[in-house]
Novice: 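Quick one: structure below, then a few questions.
Throughout, a chain's letter reflects where its sequence line sits, starting with A, and its residues are numbered from 1. As the structure is a computational prediction, the values presented were derived from the model and not from experiment.
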Amino acid sequence: MSQPLFLQLAIPVPMRQLFTYSVPESLQNNEFAIGERVIVPFGNRQVIGIILAVSNKTEFAQEKLKPITSKVTAHHKIPLPLTQLLMTCARYYHHPIGDVFQQALPVLLRQVDNITLAPTLYWQCQPLTDETQEIELAKLTTRATKQQQLYHLISNHQQLSWPEIRTLGFSKTQLSALEKKQLIVSTEKESEPFQWHSDSLNQQDELNLSAEQAVIVSAVSQLLKQYSCHLVDGITGSGKTEVYLQTMTKVLSQNQQVLVLVPEIGLTPQTLNRFEQRFNVPIFLHHSGLNDKERLATWHNAYQGNAAIVIGTRSAIFTPLPDLGLIIVDEEHDASFKQQDSFRYHGRDVAILRAKQLNIPIILGSATPSFESLHNALNAKYHYHRLTKRAGGSTEAKIALIDVANQPLEFGLSRPLKQLITNTLARGEQVLVFLNRRGFSPAINCQECHWVANCQRCERPYTLHRSQGLLICHHCASQKRVPPQCPDCGSIRIKPVGQGTEQIEEYLSEHFNHHSTVRIDRDSTRRKGELNKLLQQVSNKEHQILIGTQMLAKGHHFPDVTLVAILDIDGALFSFDYRAAENMAQLIVQVAGRAGRASKPGKVIIQTQYPQHPLLQDLVNNGYQHFAQQGLTERQMALLPPFGYQALFRADANYPSYPEKFLRQLSQINLNDCEIAGPMPAAIEKRAGKYRYHLIVQAKSRTALHQGISQLINHIPNNEWQTKVRWSVDIDPQDLSW
DNA sequence: AGCACGCCGACT
DNA sequence: GTCGGCGTGCTC
């Protein structure tokens with residue numbers, strides 16, 4: 001008789017513990033190693049558990065142990081380095097381990113049913129042999145422009161997969177149309193491990209590096225196969241991507257893989273396009289636009305070593321790669337790298353953990369580095385590289401302030417600004433108006449009795465979306481028809497208060513009615529492909545005036561925009577959130593970077609009530625670098641991050657007293673080297689019907705913070721309010737108001 | 001997180 | 001009478 005076998009499993013439930021199961025003798029001929037998956041009875045259902053420990057004895061009461069049901073043999077076990085990374089994450093973020101695995105792995109790996117993967121289809125152009133094809137191709141040029149573009153795209157590459165084609169902005173219909181016309185064919189390519197060969201690199205595409213760029217490429221290249229973190233702090237247009245590409249060449253040519261993280265969706269097509277042009281190697285994608293099967297395909301191909309490059313958003317950091325040689329985090333300051341619910345990890349920080357664990361280099365790139373990264377760079381914890389020159393010799397846009405404290409504003413616009421817009425349009429150039437608030441107006445009220453339409457679940461004003469005739473709560477997404485009259489006094493004088501992008505668009509399109517206006521925000525680009533379409537129209541100069549939210553600050557470049565107007569950033573100057581100023585500066589500099597070109601430099605105007613405000617003055621006169629260093633000095637004096645470490649304990653319930661008392665009881669626990677602030681109501685105390693309270697824990701060292709948080713969590717079973725609330729921990733919180 | 005169990009209000 | 005609302009407790 002063989003020895004008893006016990007498994008400790010991560011189970012997909014929000015509990016901070018492992019569950020022990022026995023292996024019946026009939027199953028003991030299977031391999032049970034860390035990272036293998038098993039199906040087990042849990043409560044009265046069957047779930048997938050991931051083996052995190054295997055042993056021949058157990059502490060747990062034997063009579064309560066259940067035997068596992070079976071072993072999952074479909075697909076692979078989770079490779080050990082990835083399992084270890086996830087265990088580290090669970091510890092670091094004090095998050096339930098089962099949920100960490102649940103969120104990091106493709107859904108299909110967590111499903112009890114077996115899934116078979118279809119092989120990836122690749123599309124190629126047919127060699128033009130007969131006349132009919134020539135005729136079909138000719139037809140494309142006259143009518144189907146989209147199909148023509150797609151045809152050119154495919155002909156420029158040896159092969160493209162459907163996820164790549166879709167990510168680059170084409171539809172299945174366009175693809176099938178070309179196939180029907182026999183202009184392209186698909187092949188089921190047997191996936192095979194990536195091998196670098198002589199034509200993997202498109203050398204003609206390589207640009208000559210500037211001295212600054214060359215220094216970075218050689219610095220990283222000399223440190224391959226060991227951990228080093230490089231911050232590439234380069235203004236827009238200074239050629240960060242070329243640095244990435246040439247560094248990647250060194251890694252890929254050793255048959256190692258590269259993982260590239262980009263902010264949410266918007267940047268994936270451009271990055272993919274640029275990489276496709278440079279490398280003839282298998283590139284796999286991972287972003288929210290993929291379905292479950294496609295995600296599993298990426299995971300699988302990455303696991304097998306078939307992928308040379310994986311490009312993806314935050315969660316792509318958990319892609320298994322057998323010989324990862326380099327990680328790149330582009331726009332590392334971007335807030336979308338931090339997950340803002342349940343498992344609140346930071347993609348950039350996990351990337352650094354992974355690079356350390358694998359002993360490989362990592363590059364963080366940004367024109368506006370986060371204060372954290374800048375601090376680490378200035379402290380020589382990271383290698384610090386600056387790119388100060390714009391390629392092609394163009395200059396950075398100049399920022400100027402317009403004082404609107406004593407000026408009449410019409411729909412939020414001052415007269416000098418309108419004059420500047422008029423002049424710019426008259427020169428045949430484009431204008432970008434930036435306002436980080438979508439909708440028509442952030443509130444509506446009654447002119448007679450001053451009633452304000454508030455969302456009942458959040459106790460916050462509704463945003464008016466006039467085009468849809470709806471009031472929408474931007475905190476919980478609840479909707480309501482616009483009331484015809486005031487519910488309190490019956491007056492019909494209900495008016496919008498303040499401006500959103502929808503209103504500015506309406507005003508500008510009336511006021512400048514000889515020019516075309518386009519709005520780019522989450523509302524106007526909700527439909528798939530709509531964003532690309534609008535951006536294309538802008539670059540075709542079909543529109544002269546662009547209005548938008550921070551969507552405009554990400555990645556897209558508008559060479560014909562020579563005037564950028566930034567409205568209403570004053571809130572950030574007086575926010576209680578110490579990160580507001582940092583984010584404001586990043587946003588301003590990023591928006592400013594969208595505009596202009598060598599021959600037509602851009603001009604940036606910020607409308608403000610507080611032109612003398614030291615933060616604005618510093619940013620305008622001394623630039624982001626200086627601003628950030630000033631900001632760091634202030635953080636140091638206040639011992640705020642990155643000079644101190646924070647965690648946020650959140651609790652919510654249907655009544656305010658529960659979370660308050662729950663956290664108060666926690667706050668009375670004595671912690672070593674940790675300070676506790678609160679409990680305090682969240683900035684938006686009530687959200688979607690729940691009352692939310694916060695407790696901030698702060699420490700001078702990471703270790704002290706982790707010990708403090710562990711102590712607090714260990715006390716929760718004794719907390720008498722424990723069952724009344726939902727609670728969670730946020731390590732390194734980014735936004736204290738949530 | 002699921003899921004069951006259990007205790008109160010308004011339906012055929 | 002019972003259907004279902006969600007508060008509470010449990011999961012190796």
Novice: I'd like to know whether A/H706 forms a ring pair (Phe, Tyr, Trp, His ring centres under 6.0 Å) with A/Y92, so could you lay out the CA-CA distance, the side-chain angles of the two residues, the decisive distance to 0.1 Å, and finally the verdict.
Specialist: CA-CA 8 Å; A/H706 280 300; A/Y92 183 94; 5.2 Å; yes
Novice: Exactly one of A/D673, A/D732, A/D349 should register a salt bridge (Lys or Arg N to Asp or Glu O under 4.0 Å) with A/R702. Which one does?
Specialist: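 When salt bridge (Lys or Arg N to Asp or Glu O under 4.0 Å) is applied between A/R702 and each of A/D673, A/D732, A/D349, only A/D732 qualifies.
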Novice: To the nearest Å, give me how far apart CZ (A/R16) and P (C/dC10) are.
Specialist: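 For the pair A/R16 CZ and C/dC10 P, the rounded distance is 19 Å.
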Novice: Would A/F60 pass as stacked on C/dC12, i.e. its ring centre under 5.5 Å from the base's six-membered ring centre and planes under 30° apart?
Specialist: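 So yes, this residue stacks on that base, both cut-offs being met.
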Novice: Determine: side-chain N/O of A/K66 to OP1/OP2 of C/dC12, distance under 4.0 Å, yes or no.
Specialist: yes
Novice: Could one point to a donor on the side chain of A/Q17 or the base of C/dC12 with an acceptor on the other under 3.5 Å away?
Specialist: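 Per atom types, the contact qualifies.
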Novice: Assign A/T723 to base, sugar-phosphate, or nothing according to its heavy-atom contacts below 4.0 angstrom with the strands shown.
Specialist: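 If one applies the 4.0 Å heavy-atom cut-off, A/T723 turns out to touch the sugar-phosphate alone, with no base involved.
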Novice: Could you check A/V40, A/I97, A/I50 and say which one makes a side chain to side chain contact (heavy atoms under 4.5 Å, CB included) with A/L9?
Specialist: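 With A/L9 as partner, A/V40, A/I97, A/I50 yield a single side chain to side chain contact (heavy atoms under 4.5 Å, CB included), made by A/V40.
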Novice: A/W721 CH2 to C/dT8 P: how many Å, rounded?
Specialist: 11 Å
Novice: Round to a whole Å and report the spacing from CD of A/Q722 to P of C/dG9.
Specialist: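 The answer, rounded to whole Å, is 9 Å.
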Novice: Starting at atom CD1 of A/I50, determine the distance to atom C1' of C/dC12, rounded to an integer number of angstrom.
Specialist: 16 Å
Novice: What is the distance, to the nearest angstrom, from the NZ atom on A/K690 to the P atom on C/dC6?
Specialist: 11 Å
Novice: Backbone N or O of A/K172 within a donor-acceptor pair of the A/R166 side chain at under 3.5 Å?
Specialist: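 Side chain of A/R166 to backbone of A/K172: no pair is present.
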Novice: So how far is it from A/L640 CG to A/Q646 CD, rounded to the nearest 0.5 Å?
Specialist: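 Reported to 0.5 Å precision, the distance equals 6.0 Å.
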Novice: Considering only heavy atoms of chain A and a distance under 4.0 Å, specify the first and last nucleotide of DNA chain B in 5' to 3' order that meet this criterion.
Specialist: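 For DNA chain B, the relevant span reads B/dA1 to B/dA4.
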Novice: Between C/dC12 atom C1' and A/F6 atom CZ, what is the distance in whole Å?
Specialist: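 Roughly 11 Å, once rounded to whole Å.
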Novice: Please collect all ring pair (Phe, Tyr, Trp, His ring centres under 6.0 Å) contacts where either partner lies in residues 7-52 of chain A, sequence neighbours excluded, each pair once.
Specialist: A/F19-A/F42
Novice: Rounded to whole Å, please give me the gap between CG in A/N44 and P in C/dT11.
Specialist: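 In whole Å, C/dT11 P lies 12 Å from A/N44 CG.
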Novice: Inspect the contact between A/E685 and A/R692 and indicate whether a charged nitrogen and a carboxylate oxygen are less than 4.0 angstrom apart.
Specialist: no
Novice: Measure CG/A/L65 against C1'/C/dC12 and give the value in whole Å, please.
Specialist: 6 Å
Novice: Regarding A/P41, tell me which of base, sugar-phosphate or nothing describes its non-hydrogen contacts under 4.0 Å with the strands shown.
Specialist: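 It contacts sugar-phosphate atoms only.
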